[in-house]
Amino acid sequence: MESSQSYSIEDIEKVSRQQLIDGQDVESVSGARFTRESPAHGVVVSEFPESDLADIDAAVAAARRAFESGWRTLDGASRAKLLHRVGDLIRRDAESLAIAESLESGKPISQARGEVAGTAELWEYAATLARHNIGDAHNHLGPDVMALSVYEPVGVVGMITPWNFPILIISQKLPFALAAGNTAVVKPSESTSSTTVMLAQLVREAGFPDGVVNVVTGGAQAGSALVAHRDVDMLSFTGSTRVGRWLAAAAGSDLNKVELERGGKNPQIVTAKADFHAAVDAAVFGGYFNVGQCCNSGSRLIVHRSIADEFAHAVVARTSQVPVGDPLLAETQVGAIVNGTQLETIERFVAEGISAGATMLTGGAHFPGSTQLFFEPTVFTNVTADMSIAREEIFGPVLSIMPFDNLTEAVAIANGTEYGLSAGIWSDDINEALTIARDVRAGTIWVNRWMDGYPELAFGGYGSSGIGRELGRQAIAEFSELKTIQLQVGRRTARWVNAPDA
Ligand code: NAD
């Protein structure tokens, strides 16, 4: 199929999916199922088993068996071959994965295609790490000792993922955990479970042993059963700060290892020395990509006062050109909001912005579409740093423009939320850019670019945006325990006066 192709919802058939446990496609033990509607079209597109405790038990037991019966000690070259094969299979099935992703999330098909292509790269990069799982050797500790620090897999990793980039986000975790020798039980979001189930089937087709990767489907109940399970060694979560906070507390009571990727409220600082048009373009892209439902959404535009009005008008002009509509059409850039609750959240924030005194330059309403789950790209000015639209993650296509007078003030506004996921700087002055890059507290800083990601580069957040890092060679350490082994060099002479040979 052509990658520029559009589709019609009339041609889409509902799919019925199952969980993957111990290499088998299975129903839930209870037989209960749930459905997912396309938020852009209001029709049911998929159906899944509603996992319960017995399913989680079976999946964790399968992962434990697989871990102990060979996966833990398999050589890196063999793991790498399997991981690479998954990358090939993702490329083979790219179009059907992109359609499923677009249908369940409401994101434009073109963006779903990009997400799937990026996913294949994650598996390919993780394959290279499987062969470079290298610790340290110490030969400087004295005449009678050498020591090794070696990475060992943690064990069974429970993974819980959000709905907004389902196949990409599970692939920021799963192939890296597998490369390090772990097994996994994955629970995708109940809103967008299809591509994770499809991915697990590709993992099986690639030849991974049964039980190494298991997928259970369901919502908060299934997720909390996985969090509470006593035989899960590590939890890796991506989702909201609210659920992440609860999850960290619950996992902490069992002293389990936890890695968390949570929300963001990311600033883009535009100085008077910025490439104006590039910054405007990034503001629009950063605010509306994935319908603004993006942890990296660059929705806080902190703009030098001397250019703030001109900037706001340029953003509004560009906003009016963004194609909003049916996500299955190749030309669409802004699709549907994921569900009615999220739409209400966006409306609430917009109302709060207006009543707090911000000026709405464009947008602010439902977009006329086939259902009510569309929202107009929206731009606010006269926003102050204390307003909720400037501080809280809206998760919708809403931009807030705030003026600043000097760099110290810009950095203070940028650092003025509980989050610290990412930040952007627009300036052609290298000293200005470096100063801001150093002072802004965020896990990723983009200078004169926005939202690019590479498998080679670690990703994660400061503050309430997360704990730990995904991607990069650091990912092996994240999904490993570090073991120290001390080796005696030469025969050891007894040191205790009471020892038999003293
Ligand atoms: P969410 O927190 O509502 O749900 C995430 C996952 O947790 C889902 O699988 C859900 O079923 C599960 N869950 C919900 N309640 C649970 C509970 N009590 N116990 C266990 N599991 C539970 O998040 P969402 O709405 O799916 O995703 C949006 C959020 O994710 C945003 O805040 C966004 O910023 C964040 N996010 C962060 C990153 C990142 O890398 N930092 C990436 C994407 C999304």
Side-chain angles (χ1 to χ4, degrees), residues 34 36 39 48 50-51 53 56 104-107 115 118 122 158-173 185-193 195-197 215-229 232 235-251 256 258-266 289-299 337-343 345-346 349 392-396 417-422 442-444 451 453 457-471 475 478:
F34 65 95
R36 173 66 183 159
F48 306 89
E50 177 83 60
S51 186
L53 275 178
I56 307 290
E104 290 179 2
S105 69
K107 75 175 64 191
E115 181 185 337
L122 292 171
M159 300 180 181
I160 298 178
T161 51
W163 64 264
N164 61 340
F165 294 94
I167 194 168
L168 187 86
I169 286 174
I170 187 55
S171 300
Q172 292 189 181
K173 304 176 184 297
V185 176
V186 180
K187 195 213 74 69
S189 165
E190 60 276 32
S191 300
T192 54
S193 310
T195 51
T196 303
V197 174
V215 175
V216 292
T217 48
Q221 202 184 336
S224 53
L226 187 56
V227 171
H229 203 290
V232 170
L235 287 161
S236 175
F237 168 83
T238 300
S240 62
T241 292
R242 180 184 63 80
V243 175
R245 193 168 272 139
W246 169 84
L247 188 146
N256 270 338
V258 176
E259 184 259 337
L260 301 173
E261 300 293 336
R262 308 193 299 190
K265 184 71 181 177
N266 311 291
F289 177 69
N290 215 49
V291 204
Q293 301 165 114
C294 188
C295 59
N296 272 327
S297 172
S299 60
I337 304 300
V338 68
N339 58 40
T341 311
Q342 183 54 31
L343 188 68
T345 302
I346 298 168
F349 275 115
E392 294 178 41
E393 188 180 49
I394 298 176
F395 234 53
T417 75
E418 63 173 314
Y419 298 108
L421 191 59
S422 57
T444 295
M451 225 185 311
L457 301 181
F459 178 72
Y462 285 30
S464 294
S465 289
I467 299 174
R469 293 290 180 271
E470 295 182 344
L471 309 182
E478 197 68 51

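Read the numbers this way: they start at 1 and go in the same order the structure lists the ligands and their atoms. This one's a predicted model, so the numbers in the text were calculated from it and none came from an experiment.
- To the nearest 0.5 Å, the span separating OG on Ser240 from CH2 on Trp246 amounts to 11.0 Å.
- Close approach of ligand 1 to Pro188 is summarised as follows: ligand atoms under 4.0 Å from at least one heavy atom of the residue are 9 (O).
- Interface atoms of ligand 1 facing Leu421, defined by a heavy-atom separation under 4.0 Å, are 41 (N).
- Of all non-hydrogen atoms in Pro162 and Thr192, the two that sit nearest each other are O-OG1, 4.1 Å.
- Scanning the protein heavy atoms around atom 19 (N) of ligand 1, the nearest turns out to be Trp246 CZ3, 3.0 Å.
- From the protein, the heavy atom lying nearest to atom 22 (C) of ligand 1 is Val243 CG1, 3.8 Å.
- Nearest-residue assignment for atom 5 (C) of ligand 1 (options Thr341, Thr238, Leu471; heavy-atom criterion): Thr238.
- Of the residues Met159, Glu259, Glu470, the one that meets the side chain to side chain contact (heavy atoms under 4.5 Å, CB included) test with Thr238 is Glu470.
- Looking at Trp163 next to ligand 1, an N or O pair under 3.5 Å apart turns up.
- For the residue pair Ser236/Lys173, the side-chain donor-acceptor check at 3.5 Å is satisfied.
- Contact annotation: for Ala222 versus ligand 1, there are no heavy atoms closer than 4.0 Å.
- Between atom OG of residue Ser105 and atom CG of residue Asn290 there is a gap of 6.5 Å, rounded to the nearest 0.5 Å.
- Closest protein heavy atom to atom 40 (O) of ligand 1: Phe459 CE2, 3.3 Å.
- Evaluated by nearest non-hydrogen atom to atom 1 (P) of ligand 1, the leading choice among Ser240, Gly219, Ser224 is Ser240.
- Residue Glu190 has at least one nitrogen or oxygen atom sitting less than 3.5 Å from a nitrogen or oxygen atom of ligand 1, judged on distance alone.
- The side chain of Asn164, and not its backbone, has at least one atom closer than 4.0 Å to an atom of ligand 1 (non-hydrogen atoms only; side chain from C-beta on).
- Nearest protein heavy-atom neighbour of atom 35 (C) of ligand 1: Gly239 O, 3.2 Å.
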Notebook entry, point to check: Could you walk me through whether Glu478 and Arg469 pass the side-chain contact (heavy atoms from CB on, under 4.5 Å) check?
Noted result: CA-CA 7 Å; Glu478 197 68 51; Arg469 293 290 180 271; 4.3 Å; yes
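- For atom 21 (N) of ligand 1, the closest non-hydrogen atom of the protein is Gly223 CA, 3.6 Å.
- At a 4.0 Å heavy-atom cut-off, ligand 1 touches Arg262 through the backbone alone.
- Residue Gln172 has no N or O atom closer than 3.5 Å to an N or O atom of ligand 1.
- Nearest-heavy-atom check against atom 28 (C) of ligand 1 across Phe165, Phe237, Phe395 picks out Phe395.
- Not a single heavy atom of Cys294 sits closer than 4.0 Å to an atom of ligand 1.
- Within a 4.0 Å radius of atom 30 (O) of ligand 1, the protein has at least one heavy atom.
- No donor-acceptor pair closer than 3.5 Å links the side chain of Glu418 to the backbone N or O of Gly463.
- Across Lys187 and Leu226, no two heavy atoms sit closer than the pair CB-CD2, 4.3 Å.
- Ranking the protein heavy atoms by distance from atom 27 (O) of ligand 1 puts Pro162 CB, 3.2 Å first.
- Remark: minimum distance from atom 12 (C) of ligand 1 to any protein heavy atom is reached at Ile160 CG2, 3.7 Å.
- Atoms of ligand 1 lying under 4.0 Å from at least one heavy atom of Ile169, given by number and element, are 42 (C), 43 (C).
- Applying the 6.0 Å contact sphere to CG of Leu53 captures no more than 12 heavy atoms from other residues, nucleotides or ligands.
- Here the protein heavy atom with the shortest distance to atom 32 (O) of ligand 1 is Glu393 OE1, 2.7 Å.
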